[in-house]
A.B. asks: 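I have a structure I would like to understand better, so I am pasting it below and will then ask my questions one at a time.
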Amino acid sequence: MTDVQELLLSRIRDVADYPEPGVMFKDITPLLADPAAFTALTDALAGIGTRQGATKVVGLEARGFILGAPVAVRAGLGFIPVRKAGKLPGATLRQAYDLEYGSAEIEVHAEDLAVGDRVLVVDDVLATGGTAEASIELIRRAGAEVAGVAVLMELGFLGGRARLEPALAGAPLESLLTI
């Protein structure tokens with residue numbers, strides 16, 4: 001494990017039985033509150049964007065906004081929020097996806113992405129992969145290319161990577177920590 005990985009992991013707090021009994025929630029707020037850890041995280045994710053030749057960063061609501069915006073600034077890229085349906089004004093592209101119990105929709109301003117854009121999707125956690133998969137579809141529908149997906153941590157036992165691989169179509173999925 002690298003020094004950066006050790007630093008990041010040391011600042012993630014386990015919260016038992018949240019949001020429901022039997023779940024061990026990984027709380028990143030202590031990491032965000034530590035300037036050294038937050039800077040290390042931002043630098044690591046920005047490095048992924050640079051290596052993948054990204055021109056824009058998409059952050060997934062809501063913690064993907066917290067991580068994606070400083071990553072975009074650090075890498076000198078534009079930032080595009082992907083929001084829950086109904087939160088963006090004006091014309092949007094919308095994508096539905098399945099949840100464990102039901103479904104949800106996300107959307108993006110179509111004019112913020114264009115042919116020639118290489119987009120890095122940033123989020124805090126890769127769990128089942130549904131939101132990331134839907135965001136990849138939105139990016140492609142807008143005419144842009146997916147440069148990759150970068151997350152702070154991947155919950156490997158939930159199978160999100162396997163779900164995303166077909167949608168990624170060869171674009172990389174990079175996780176700083178795998179739990």
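Side-chain atoms are counted along with the backbone in the values below, which use heavy atoms only and exclude waters and symmetry mates.
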A.B. asks: Starting at CG of L7, measure out to OG1 of T2 and round the result to the nearest 0.5 Å.
C.D. replies: 9.0 Å
A.B. asks: Locate the shortest heavy-atom distance separating A33 from P35; write the atom from each residue and the value.
C.D. replies: O-CD, 3.4 Å
A.B. asks: Just so I know, are the side chains of L164 and I136 near enough to count as touching, which here means a heavy-atom distance under 4.5 Å?
C.D. replies: yes
A.B. asks: So, for G22 and D17, which heavy atoms are closest and what is the spacing to 0.1 Å?
C.D. replies: N-OD1, 2.8 Å
A.B. asks: Mark yes or no for whether T92, through its side chain, and E107, through its backbone, hold a donor-acceptor pair below 3.5 Å.
C.D. replies: no
A.B. asks: Kindly list each side-chain donor-acceptor pair under 3.5 angstrom involving residues 81-91, sequence neighbours excluded, with atom names and distances?
C.D. replies:
unit_1, atom_1, unit_2, atom_2, d
R83, NE, E61, OE1, 2.8
R83, NH2, E61, OE2, 3.4

A.B. asks: What's the separation between atom CD in E145 and atom CZ in R140, rounded to the nearest 0.5 Å?
C.D. replies: 8.5 Å
A.B. asks: Where is the tightest heavy-atom contact between A72 and G78, given as atom of each residue plus distance?
C.D. replies: CB-O, 3.8 Å
A.B. asks: Decide yes or no for L8 and L176: does some side-chain heavy atom of the first lie under 4.5 Å from some side-chain heavy atom of the second?
C.D. replies: yes
A.B. asks: Evaluate the criterion side chain to side chain contact (heavy atoms under 4.5 Å, CB included) for residue pair V149 and L126; output intermediate values, then yes/no.
C.D. replies: CA-CA 9 Å; V149 174; L126 175 64; 5.8 Å; no
A.B. asks: Can you tell me how far NZ of K56 sits from CG of L77, rounded to the nearest 0.5 angstrom?
C.D. replies: 10.0 Å
A.B. asks: Does the R118 side chain pair with the main chain of G53, one donor and one acceptor, at a distance under 3.5 Å?
C.D. replies: yes
A.B. asks: Is there a path of hydrophobic side-chain contacts, each under 4.5 Å between heavy atoms of I/L/V/M/F/W/Y residues, joining L152 to V125?
C.D. replies: yes
A.B. asks: In sequence, state the C-alpha distance, the side-chain angles, and the governing distance for D43 and V4, and then conclude on side chain to side chain contact (heavy atoms under 4.5 Å, CB included).
C.D. replies: CA-CA 10 Å; D43 288 348; V4 169; over 6 Å; no
A.B. asks: Evaluate L41 against R11 for side chain to side chain contact (heavy atoms under 4.5 Å, CB included), listing each step before the verdict.
C.D. replies: CA-CA 11 Å; L41 171 58; R11 301 303 188 272; over 6 Å; no
A.B. asks: Under 3.5 Å, side chain of R163 to main-chain N/O of L158, donor-acceptor pair present?
C.D. replies: no
A.B. asks: In terms of hydrophobic clustering (I, L, V, M, F, W, Y; side-chain heavy atoms under 4.5 Å; direct or indirect links), are I12 and F157 co-clustered?
C.D. replies: yes
A.B. asks: Using the rule that two of Ile, Leu, Val, Met, Phe, Trp, Tyr join whenever any of their side-chain heavy atoms come within less than 4.5 Å, decide whether V71 and V58 are in one cluster.
C.D. replies: no
A.B. asks: For the side-chain contact (heavy atoms from CB on, under 4.5 Å) test, which of L113, I80, L120 pairs with I139?
C.D. replies: L113
A.B. asks: Please round to the nearest 0.5 Å and tell me the distance separating atom CG of L168 and atom CD of E133.
C.D. replies: 9.0 Å
A.B. asks: Evaluate the side-chain proximity of I66 to I28: yes if any heavy-atom separation is below 4.5 Å, no if none is.
C.D. replies: no
A.B. asks: Does V57 share a hydrophobic cluster with L45, counting links as ILVMFWY side-chain heavy atoms below 4.5 Å and allowing steps through other members?
C.D. replies: yes
A.B. asks: Could you walk me through whether F38 and L67 pass the side chain to side chain contact (heavy atoms under 4.5 Å, CB included) test, one step at a time?
C.D. replies: CA-CA 9 Å; F38 194 18; L67 303 184; 4.0 Å; yes
A.B. asks: Count I, L, V, M, F, W, Y as connected when their side-chain heavy atoms are under 4.5 Å apart, and connections chain through other members. Are L93 and F79 then in the same cluster?
C.D. replies: no
A.B. asks: Should the heavy atoms of other residues, nucleotides or ligands under 6.0 Å from CG of D14 be counted, would the total exceed 12?
C.D. replies: yes
A.B. asks: Please report the interatomic distance CZ(R74) to OG1(T39), rounded to the nearest 0.5 Å.
C.D. replies: 6.0 Å
A.B. asks: Roughly how far apart are E154 CD and R161 CZ, rounded to 0.5 Å?
C.D. replies: 4.0 Å
A.B. asks: Got more than 12 heavy atoms from elsewhere within 6.0 Å of CZ, F25?
C.D. replies: yes
A.B. asks: Quick one: does D117's side chain have a donor or acceptor within less than 3.5 Å of a partner on V119's backbone?
C.D. replies: no
A.B. asks: Give the minimum heavy-atom separation between S103 and D98, together with the two atoms involved.
C.D. replies: CB-OD1, 4.0 Å
